[in-house]
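Following: one structure in structure tokens, then a few remarks.
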Amino acid sequence: MPKLFPVSPFLLLCFLLTLPPSQSQPARFMYTGFRNLNASNITLVRTAEIEDSGMLRLTNETSRLIGRAFYPHPLTFRSGSDGSRSSFSTSFAFAIVPEYPKLGGHGLAFTLAPDPLIPGAQPSQYLGLMNASMNGSAVNHVFAVEFDTVQDFEFNDPDDNHVGVDVDSLRSSVASTAKYFQSDGSTVAFNLKGGETIVSWIDYDGPSGVLNVTVAPGSAAGLKPAFPLLSLTIDVPSIVGNSAYVGFSSSTGLLSSSHYLLGWSFALGAGAAESLDLKAIPSLPKQKSSMQKIRNVAIGTSVAAGLLFVVAAAAGFVIWRRIRDEADPIEGWELEYGPHRFPYRELAHATKGFGDKELLGFGGFGRVYRGVLPGTKEEVAVKHISRGSKQGLREFVAEVSSIGRLRHRNLVQLQGWCRRRGDLLLVYDYMPNSSLDKLIFDQQPGTQPRLGWAQRFRVLRGVASALLYLHEEWEQVVLHRDVKASNVLLDAELNGRLGDFGLARLYEHGSNPSTTRVVGTLGYLAPELTRTGKATTLSDVYAFGAVLLEVACGRRPIEPKAVPEELVLVDWVWALWCSGRILVAVDPLLQGEYEPTEALLVLKLGLMCSHPDQAFRPGMRQVMQYLDGDMPLPELPTDGPPVDYWARAQCFDDFVHSYPSSDGKASTGSAPIGRQPTGTSPLVRPVNSGEGEDLV
Ligand SMILES: *[C@@H]1O[C@H](CO)[C@@H](O)[C@H](O)[C@H]1NC(C)=O
Ligand SMILES: *[C@@H]1O[C@H](CO)[C@@H](O)[C@H](O)[C@H]1NC(C)=O
Ligand SMILES: *[C@@H]1O[C@H](CO)[C@@H](O)[C@H](O)[C@H]1NC(C)=O
């Protein structure tokens, strides 16, 4: 049984009442693993618990958790009669195991805070350190070094794998992608959320105020790299106050990871913290579970015999499953007119054994391979979806059958499927002209556009009619949930065809129904969807609006690298609309060769569809009527979308990849330290102001 030590306010009160002043507490400690620790050594808050293995698990893979572990006594960060700054040094080992290998959620932070309970703190991108309304306020008294696995545009995060120093704000004072320096000055990048042991060293020199943050994977032998990743001068005691608690805070959002602490060494005062012995700290979850299995089997017998047994059992199981898979029970209730079921061998042959050479790309749900069917020599695209679960097989096959019956000239036709163990293979028509985003973006400036205006307009109409079919014209409502330019493929005649429809729902069968999961792509996610996790036809419309703008402007919905601040396309187009210059937004690569009335229609319709408030978005039938000119587009307000919508929403903590805040009001109160608040109007985002003007 894992031991759990939730800290009640009462308990904390007891500490405060019974403990002598912090000076008398030991200022050095070293936890080589957390086994045998109790409330007198460590304070566990919320979901944090110590596992039998000795690892301290801050959070598991459940949505919206906060877990913290703090040293139970406050420490004093000033010393001597003159109250000069104390130095401190710490070294700790952690591991982050995300629910999905490439999607972390959200991270952990070494933290100095006035109270381990941090009242009002939120999970998700706030890492359990503060809340949306307090972000940036000096009353937090929070100093943190974050190990952040989600890119929050709201906080200017550089990427989804970075280390940053946070002063009362999740907008880091300095941040860098995770890497370490070798002695020759070259850097090695590594993945914080790869499930491996990561070691970090944080050294603060009180007299000079220099703070160094160093981080390296345990695979680099646990040796401290020669140079720190981040180094800055900072007055820590003036941020946290004279005394503060030291520990770790971690959180999950709609996306989640298990965050583990494996060992922690800390020293207050001059001198480095004792170094951790990586061989002595508990091993990682992955290794742990296989070790445990082996141990369980090997009880009462020799390890060798146990191993033999495991191997034999595994082989037997595989053979048994092969046999069972051959005589599959699905045939009986597979729908008569459902898509064809391919034998695995045929698809393996078609794709040359799923070789890298045939890899067309990575779709939302898995890899896509080009294949040539052995019989007909027909070209196909084979999507390989790893489900890792065999639950809900019946629903799953029913779902595939229903997707297979969807037919529309602007949908990529599903030809058939194949199931193998937990994996699923879906066979689609091959689209020779790749995807809409490639045609729009992979282009040298100055060359002829690969898609002219007329073709772009036709593709957009095609996608709209496919969405109308899914939403309103088929026997049941099908939500797409991942409408984006890279999911629009072009056939030989450059017709736009929507791919990946129905997959989101299919993917959900077999996953835990109690957890809502946002499926979708950053920049195309409707704000209410990221808040509630509930997809609707109107969240598809929002994403379609983003595609309309993207195709008309030749810009991605969010350009993180735009100067000087990330460009949020919809905000930019709104700003141009309000200033009466909306056609400035049209893709400059078209060199003015477009139909102005159509371009105006597409841009305005894009703004309507991507309206932050779903009540203002049109349904797909209306969208179709606007595009066909059967109905005039209503006029848009020239003062932009309702500004208070964002303030009312108040739920930025729910954002998966934190939707870039269009809200000047979300962080009211005092300005973040060291940073002036940017544009006050939600529409005037600093973009290259001169840009486009010379193109009119
Ligand atoms: C906690 O652990 C320490 C040793 O680490 C021990 O001395 C102390 O008695 C324990 N306290 C409780 C309440 O178990
Ligand atoms: C944010 O945190 C502060 C305390 O730091 C608390 O007073 C306030 O109620 C919290 N706000 C929300 C919206 O939770
Ligand atoms: C911080 O790093 C710099 C550069 O490597 C080094 O000179 C300095 O001694 C370090 N300071 C601390 C407190 O570790």
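For ligands, and for the atoms within them, numbers begin at 1 and follow the listed sequence. Keep in mind that this is a model prediction, so the values were computed, not measured.
- There is a side-chain donor-acceptor pair under 3.5 Å between S172 and E146.
- For Y71 and Y245, the ring centers are positioned 6.0 Å apart or more.
- Using modelled atom types and a 3.5 Å distance limit, the side chains of T90 and W201 yield no donor-acceptor pair.
- For the residue pair H106/S124, the side-chain donor-acceptor check at 3.5 Å is not satisfied.
- Residue contacts with ligand 2: N131 is placed with a nitrogen or oxygen under 3.5 Å of a nitrogen or oxygen of the ligand (distance criterion only).
- Residues lining ligand 3 at a heavy-atom distance below 4.0 Å are given as D203, D205, N212, P228, ordered by chain and residue number.
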Practice item. Evaluate side chain to side chain contact (heavy atoms under 4.5 Å, CB included) for T62 paired with T252, printing each intermediate quantity in order. Key: CA-CA 7 Å; T62 308; T252 64; 5.6 Å; no
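- Residue-level proximity to ligand 2 for A121 is absent, since no heavy atom of it falls below 4.0 angstrom.
- Comment: K193 engages D160 in a salt bridge, judged by a side-chain N to carboxylate O separation of less than 4.0 angstrom.
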Using a 3.5 Å cut-off and no angle test, enumerate the donor-acceptor pairs between side-chain atoms of residues 209-217 and protein atoms at least two apart in sequence or in another chain.
| residue | atom | partner | partner atom | Å |
| --- | --- | --- | --- | --- |
| N212 | OD1 | S231 | OG | 2.7 |

